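Predicted model, so just to flag it, every value in this text is computed and none were measured. Both ligands and their constituent atoms are indexed starting at 1 by order of listing.
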Amino acid sequence: MKALILAAGLGNRLKPLTSNTPKPLLFVGGKPFLSHTISALKENEITDVCILTGWKSMKIRDFYGNGSDLGVNLTYIEQKDLKGTASAVLCSEDYMSEPFVCINGDVLASKENLSRLISRYNDTKHDVMGIIEVPDASSFGSVSEKDGILLDIKEKSDEPLSNFINSGLFVFTPDIFEFLHQTPLSCRGEFEITDTIMRAGEEKQVHVVHLSDVWVDIGTPQDLLDANSLLMSSMAPCIEGIVEPGAVIKGDVVIEKGALVRSGSYLEGPIYISSGCDIGPNCYLRPYTCLAQDVRIGAAVEVKNSIIMAGTHIPHHNYVGDSIIGENCNLGSGTKIANLRFDGKNVKLHFEDSCVDSQRRKMGAVIGDSVSTGINSMINAGSIIFENTIIGPGAFVSGRIAPGSRIL
Ligand code: TTP
């Protein structure tokens with residue numbers, strides 16, 4: 001069986017992290033998100049994988065090439081107009097003449113969930129949609145079913161059909177293309193795969209399968225932190241880098257070859273340290289700290305539950321909690337990121353046209369690529385700082401900061 005991964009989307013809700021990087025390449029749980037999906041496919045003996053690219057397409061193609069480094073055979077299709085998930089799948093019409101697995105590039109596809117999905121297809125020979133139970137289905141496509149047959153799907157509604165949602169994991173038969181051609185534009189102005197599936201369900205059975213293994217969708221920064229902690233919770237410890245005498249390592253820690261942990265560093269796993277990282281001396285890394293290549297963490301720095309992308313330096317007297325920091329940033333000595341409100345209420349995140357409850361009491365900042373801060377600058381909880389911004393010495397930053405801003 002082949003697989004199709006939908007990786008073309010703009011990832012607007014994850015801006016500024018997706019300003020230069022496509023969502024599936026964001027670093028989560030020790031590797032780019034898409035690499036977790038490709039591993040799960042490989043574990044199900046699916047090695048013929050087609051990736052649909054669009055936004056920042058060349059970054060994905062250049063990074064994975066023909067897939068030989070991962071032991072899979074990768075081909076790419078380009079989605080020219082990003083008009084929705086149905087138009088995305090339709091782009092693969094010339095490539096998929098047999099039943100195929102289809103995965104939204106922003107959902108975690110575990111080995112077990114994929115295996116359940118494929119078994120249901122093998123048992124029924126019908127299109128299959130994986131569904132997953134969530135506490136609140138109002139921000140997803142909720143699903144109703146009877147005896148494993150799909151009855152209805154209702155997109156984002158305050159009155160969801162059930163607590164079960166479309167997981168973004170499917171097996172489609174080539175018949176799906178007939179229904180994709182008939183899919184109308186939705187009221188959101190997109191061609192949506194859920195409309196296609198409903199149409200298919202009216203003419204023939206679409207089966208649903210309950211998925212019970214870990215699942216997460218990385219639509220928002222909060223989701224990215226959740227995915228990171230979920231993936232790091234099951235990570236196998238492995239120390240291949242240099243650890244100087246006097247460093248303390250507790251719990252599950254990965255230190256890749258080519259990384260250095262200096263004396264006096266105190267590490268409480270799960271922690272992921274990629275090659276080229278230079279850590280300490282005398283810093284405190286707390287659980288769910290995930291560092292991409294060539295990150296520098298210096299003296300008297302504390303980091304917890306945060307993703308720090310490649311080439312970023314956090315060199316002296318900094319606190320970073322519950323935050324995501326893009327590539328090639330530099331925090332000046334003493335820059336601190338707040339992650340808790342005085343009133344203890346949930347932190348709000350400042351998106352383009354609204355202020356959204358992060359549903360977290362502790363949430364720091366989301367910072368785009370190439371942001372620099374001066375000494376003793378302060379970043380308020382829930383701030384979203386776009387790429388190429390400069391924050392001057394002693395400045396206080398809060399809310400949403402546009403690309404290339406100068407806060408002096
Ligand atoms: P969405 O999360 O609906 O869209 P998006 O990824 O662009 O993110 P945002 O809403 O924040 O802008 O997409 C679900 C999946 O489908 C995701 O893996 C990307 C993929 N997709 C495409 O491949 N092509 C498309 O035209 C769209 C809209 C999504």
Tell me whether [X] has any N or O atom under 3.5 angstrom from an N or O of ligand 1.
X	answer
Gly219	no
Thr85	no
Ser87	no
Asn104	no
Leu52	no
Gly84	yes
Glu190	no
Leu10	yes

Which ligand 1 atoms does [X] reach within 4.0 Å, using its non-hydrogen atoms?
X	result
Lys23	2 (O), 5 (P), 6 (O), 8 (O)
Leu82	26 (O)
Gln79	22 (C), 23 (O), 24 (N), 25 (C), 26 (O)

> Hey, what do you get for OG1 (Thr373) to CD1 (Ile337), rounding to the nearest 0.5 Å?
Replying inline: 8.0 Å
> CZ/Phe191 to OG/Ser186 distance, rounded to the nearest 0.5 angstrom?
Replying inline: 8.5 Å
> Going through the distances and angles, do Asp357 and Lys345 end up as a salt bridge (charged side-chain N to carboxylate O under 4.0 Å, His left out)?
Replying inline: CA-CA 10 Å; Asp357 183 344; Lys345 288 187 179 157; over 6 Å; no
> What's the shortest distance from atom 1 (P) of ligand 1 to any protein heavy atom, and which residue and atom give it?
Replying inline: Arg13 NH2, 4.2 Å
> Would you call the rings of Phe100 and Phe177 parallel, tilted or perpendicular, where under 30° means parallel and over 60° means perpendicular?
Replying inline: parallel
>> Tell me whether ligand 1 is touched by Gly54 - counting only heavy atoms on the residue side and a distance under 4.0 Å.
In response: no
>> Heavy atoms only, cut-off 4.0 Å: how does Ala88 contact ligand 1, side chain, backbone, both, or neither?
In response: side chain
> Evaluating non-hydrogen atoms only, which member of Gly105, Ala8, Pro22, Cys91 is closest to atom 23 (O) of ligand 1?
Replying inline: Ala8
